[in-house]
Peer 1: 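Dumping the structure here so I can ask a few things about it.
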Protein chains: 2
Amino acid sequence: MRIGELARRAKVSTRALRYYEEQGILSSERTPSGQRHYPESAVDRVRLIQQLYAAGLGSRMIASFLPCVDAKHAEPEMVERLRAERARITASVAELQEAGRRLDLLIELAAYPGRRRCPASLDEQSRTATG
Amino acid sequence: MRIGELARRAKVSTRALRYYEEQGILSSERTPSGQRHYPESAVDRVRLIQQLYAAGLGSRMIASFLPCVDAKHAEPEMVERLRAERARITASVAELQEAGRRLDLLIELAAYPGRRRCPASLDEQSRTATG
DNA sequence: GTAAAACTTGACGTTGACGTCAAAGGCAAA
DNA sequence: TTTGCCTTTGACGTCAACGTCAAGTTTTAC
């Protein structure tokens, strides 16, 4: 398929697809006239790329990981980097969840100002005593 | 306390603190000579700000939320915005977790190429049948 | 009293993942 | 063949949360 169809199906812009190619994380065949052609698998590949971006990985990191995805193999050093990124994601999930709890608390207080049962302030950490 | 101490205690740069003030999300008293002075509570406030940044909120959004944190009250419209952000965070946690699972799978395959028991490819969504 | 450390404002630089033209060429339908 | 959409490369623009440098002032330490 050509770039426009891939863009629609993967729900990204054509600009993004060209950018991915520029960054070495998405390849394409070229017709004699120079137009890009992609296989069906490119749709899933682009979705994977988007997911990794959403997980906070940069282009370089993704570029270094994708070959392992295809080879289903990696050197120990690479495995370590994978684990490190995995840990980063875990930490970042925890941060997000805590921010979520804080927002929940705020919503509860803000929406139902009369019913406040929880004595904890939003400015204080309810589970740690060390200011 | 002055800006340097707050920066150390909240683990951000002084530049960041001045930036927050510029964005209207952190206030300070000024000594006659113009130096900023912060109360103890500023440490927690900065941590809250950082958490909201980490949760993907921008300065404007944070600026609009903080007054509610202090007032412990918000107009219905604001409560809706809070809920919307909360939903965004929930979605983003789910995304992160899925990326995490994909990385786990990749690590498993890459680190122990002999033991592959799982037939699912990393390019395919194991829980959805619609390619 | 003096030197070092901390502080001030101002302003330009950085980074990443694209957006947005612009000018030109490619391709299927009528 | 013409119409009209699709695609190409190139290059500048954007936005946010700061980093960094400059040049001057204030506070602290000795």
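Convention: sequence-line order gives letters A, B, ...; per-chain numbering from 1.
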Peer 1: Among A:Glu40, A:His37, A:Arg36, which residue meets the side-chain contact (heavy atoms from CB on, under 4.5 Å) test with A:Met1?
Peer 2: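 Considering A:Glu40, A:His37, A:Arg36, a side-chain contact (heavy atoms from CB on, under 4.5 Å) with A:Met1 is found only for A:Glu40.
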Peer 1: One pair to check against side chain to side chain contact (heavy atoms under 4.5 Å, CB included): A:Tyr19 and A:Leu26. What are the steps and the verdict?
Peer 2: CA-CA 9 Å; A:Tyr19 176 75; A:Leu26 184 67; over 6 Å; no
Peer 1: Just report the end-to-end axis angle for the helix from C:dG1-D:dC30 to C:dA30-D:dT1, five pairs per end, to 10 degrees.
Peer 2: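 Both end axes considered, the difference amounts to 10°.
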Peer 1: Within the 3.5 Å criterion, strictly below it, is a donor on B:Ser92 or B:Arg88 matched to an acceptor on the partner's side chain?
Peer 2: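 Checked: B:Ser92/B:Arg88 side chains show no N/O donor-acceptor pair below 3.5 Å.
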Peer 1: If you apply the rule side chain to side chain contact (heavy atoms under 4.5 Å, CB included), what do you find for B:Arg47 with B:Val43, and how did you get there?
Peer 2: CA-CA 6 Å; B:Arg47 284 183 183 157; B:Val43 179; 4.0 Å; yes
Peer 1: Rounding to an integer number of Å, can you tell me how far B:Arg18 CZ sits from C:dA6 P?
Peer 2: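 From B:Arg18 CZ to C:dA6 P: 13 Å.
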Peer 1: For a quick test of your reading: what N or O donor-acceptor pairs under 3.5 Å do the side chains of residues 52-68 of chain A make, sequence neighbours left out?
Peer 2:
from, atom 1, to, atom 2, distance (Å)
A:Tyr53, OH, A:Ser59, OG, 2.7
A:Ser64, OG, A:Met61, O, 2.7
A:Ser64, OG, A:Arg81, NH2, 3.3

Peer 1: Using whole Å, what does the distance between atom P of nucleotide C:dA6 and atom CZ of B:Arg9 come to?
Peer 2: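 In whole Å, C:dA6 P and B:Arg9 CZ are 16 Å from each other.
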Peer 1: Can you list everything that forms a salt bridge (Lys or Arg N to Asp or Glu O under 4.0 Å) with B:Arg83? Sequence neighbours excluded, please.
Peer 2: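 Salt bridge (Lys or Arg N to Asp or Glu O under 4.0 Å) list for B:Arg83, sorted by chain: B:Glu80.
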Peer 1: For the atom pair OG1 (B:Thr90) and CD (B:Glu85), what is the distance rounded to the nearest 0.5 Å?
Peer 2: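 Result: 11.0 Å between the selected atoms.
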Peer 1: Could you tell me whether B:Arg9 and B:Asp44 have a side-chain N and a carboxylate O separated by less than 4.0 Å?
Peer 2: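 So B:Arg9 does not pair with B:Asp44 through a salt bridge.
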Peer 1: Can you see whether A:Gln51 engages B:Glu95 through a side-chain donor-acceptor pair at a distance of less than 3.5 angstrom?
Peer 2: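 There is no such pair (donor and acceptor under 3.5 Å, judged by atom type) between the side chains of A:Gln51 and B:Glu95.
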Peer 1: Check the distance between C:dA5's P and B:Glu5's CD and give it to me in whole angstrom.
Peer 2: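 My rounded result for the distance is 18 Å.
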Peer 1: Rounded to whole Å, please give me the gap between CD in A:Glu29 and C1' in D:dT8.
Peer 2: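 Going from CD in A:Glu29 over to C1' in D:dT8 covers 17 Å.
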Peer 1: Counting only heavy atoms not in A:Glu77, do more than 12 sit closer than 6.0 Å to its CD atom?
Peer 2: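 Count not over threshold, so no.
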Peer 1: Starting from P on D:dC6, measure out to CE on A:Met1 and report it in whole angstrom.
Peer 2: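 That distance rounds to 16 Å.
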Peer 1: Between the protein and nucleotides 24-28 of chain D, list the N/O to N/O atom pairs that are separated by less than 3.5 angstrom.
Peer 2:
from, atom 1, to, atom 2, distance (Å)
D:dT26, O3', B:Ser33, OG, 3.2
D:dT27, OP1, B:Ser33, OG, 3.1

Peer 1: Give the rounded distance in Å between these two atoms: NZ of B:Lys11 and P of D:dC18.
Peer 2: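 Answer to the nearest Å: 16 Å.
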Peer 1: Under a 4.0 Å heavy-atom cut-off, which of residues 85-93 of chain B touch DNA chain C?
Peer 2: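 Result for residues 85-93 of chain B: none.
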Peer 1: For nucleotides 15-18 of chain C, print each protein N/O atom paired with a nucleotide N/O atom at under 3.5 Å, atom names and distance only.
Peer 2:
from, atom 1, to, atom 2, distance (Å)
C:dA17, OP2, A:Tyr19, OH, 3.3
C:dA17, OP2, A:Ser59, OG, 2.8
C:dC18, OP2, A:Tyr20, OH, 3.0

Peer 1: Let me confirm one number: the CE-CD1 distance from A:Met78 to B:Ile107, rounded to the nearest 0.5 Å.
Peer 2: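 If we round to the nearest 0.5 Å, A:Met78:CE and B:Ile107:CD1 are 11.5 Å apart.
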Peer 1: Is the shortest side-chain N to carboxylate O distance from A:Glu21 to A:Arg30 below 4.0 Å?
Peer 2: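 Yes, A:Glu21 and A:Arg30 are salt-bridged.
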Peer 1: If you count the non-hydrogen atoms of other residues, nucleotides and ligands that lie under 6.0 Å from CD in B:Glu22, is the total more than 12?
Peer 2: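 Yes, enclosed.
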Peer 1: With heavy atoms under 4.0 Å as the rule, sort A:Arg30 into base, sugar-phosphate or nothing.
Peer 2: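 Sugar-phosphate contact only - A:Arg30 comes under 4.0 Å of backbone atoms but never of a base.
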